[in-house]
Amino acid sequence: MYANRIDRLQTAMTDTGVTAVLLSVGTDLPYFTGYEAMPLERITMLVVRPTGVPTLVIPELEVPRVKVDPAFEVRGWGEMEDSIGIVVDLAGDAGLVAVGDQCWSGFLLDLQRRIPGAFWQSATPLTLPMRMRKTADEVEALRATAASADRVAARLANQPFSGRTEADLTVWIEAALREEGNDGLSFQAIVASGPNAASPHHHGGSRVMTAGDTVVCDFGGRMGGYCSDTTRTFVVGEPSAAVAAAHAVLHSAQQAAVAAVRPGVTAESIDRVARQVIEEAGYGAYFIHRTGHGIGLDVHEHPYIVEGNDLILEPGMAFSIEPGIYMPGEYGMRIEDIVVVTEDGVDNLNRSSRELVSV
Ligand code: ZN
Ligand code: ZN
Ligand code: ZN
């Protein structure tokens with residue numbers, strides 16, 4: 001699998017005249033090698049030339065972490081070695097060097113100084129077309145972790161909320177994600193209650209949840225590197241008429257956007273579908289973010305479902321559909337599913353209830 005991906009990368013390099021691709025921390029590296037760099041001060045870098053077997057330059061003490069694969073060679077560097085020099089030698093003559101978007105600027109600045117005369121560009125134009133279209137195996141990995149998030153959502157509906165702090169429920173959600181089979185989290189879970197729920201990326205704190213609160217719970221795990229990301233909104237006790245009305249609008253907007261996903265339409269058209277339903281109901285000013293983001297090895301990656309992105313959706317693209325309504329000082333709500341574009345429509349990976357569940 002990794003040999004095949006590297007082969008496609010090398011073909012793209014040849015087609016575009018790129019003489020070296022350098023990948024460090026971040027998810028391009030595991031995409032091509034299965035190895036995730038430790039994001040520390042010692043350099044880890046995959047050096048890919050247009051032909052030949054790439055080399056993974058890695059601190060010697062971390063070599064045992066690497067799962068050996070014929071797709072690449074491993075060059076461990078000792079503490080006293082010139083690690084940047086090793087990368088420079090492997091990168092070859094100054095040419096057109098493409099660097100992964102996630103790479104410490106300290107490494108890049110050193111490399112730029114020591115390969116004078118090279119032209120530098122982002123590796124993303126080379127990697128994006130590959131990473132954006134998920135293979136069947138990648139979709140199954142996304143489906144497995146999405147199902148685990150659905151199980152957590154179902155268990156959440158039976159949890160006590162009233163009298164409990166947001167931070168306490170955050171801890172519970174994160175433990176539940178691990179119990180349901182994830183080996184890690186894709187991000188720190190969000191629990192936002194009452195007025196805090198109007199802040200889309202609120203991190204749960206000491207606020208105690210109380211009757212009438214809406215509670216936005218946004219969470220996801222990672223299985224085999226692939227991420228889940230799901231949001232459900234709960235209400236403590238009975239919802240007010242205003243909350244119930246807004247949630248009904250949000251639910252239909254989210255479902256309309258999911259139903260609009262198919263190959264051949266643009267990313268921005270999906271954003272418009274969700275936004276139109278919310279605007280027509282009079283809540284347009286309170287839907288303050290894009291409709292969604294791609295997901296895979298990264299919890300946020302291309303394609304972004306946002307006005308201005310005229311990218312044409314293709315089978316295999318995976319992304320969130322997560323409209324929200326945020327009423328400052330009062331309440332907030334969001335519904336988020338992960339969907340995959342199929343040959344003729346959409347596959348919604350999340351199946352848990354999207355209703356406003358009373359807790
Ligand atoms: Zn978000
Ligand atoms: Zn989310
Ligand atoms: Zn999301």
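When a ligand or atom number is given, it counts from 1 through the structure's own listing order.
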(request) Provide the atom name of the closest N, O or S atom of Glu322 relative to the Zn ion (ligand 3). (result) OE2

(request) Would you check if the distance from the ring center of His302 to the ring center of Phe319 is below 6.0 Å? (result) no

(message) With rounding to 10 degrees, what does the angle Asp229:OD1 / the Zn ion (ligand 2) / Asp218:OD1 come to?
(response) 90°

(message) Could you check whether Phe161 and Phe234 have their ring centres less than 6.0 Å apart?
(response) yes

(request) May I ask you to say whether Glu36 pairs ionically with Arg222, meaning some side-chain N is under 4.0 Å from a carboxylate O? (result) yes

(request) Decide side-chain contact (heavy atoms from CB on, under 4.5 Å) for Thr19 and Asp93; before the verdict, give the C-alpha distance in whole Å, the side-chain angles of both, and the deciding distance to 0.1 Å. (result) CA-CA 8 Å; Thr19 54; Asp93 296 334; over 6 Å; no

(request) Indicate if the distance from the Zn ion (ligand 3) to the nearest N, O or S atom of His293 falls below 2.8 Å. (result) yes

(request) Please name the atom of Glu336, restricted to N, O or S, that is closest to the Zn ion (ligand 3). (result) OE2

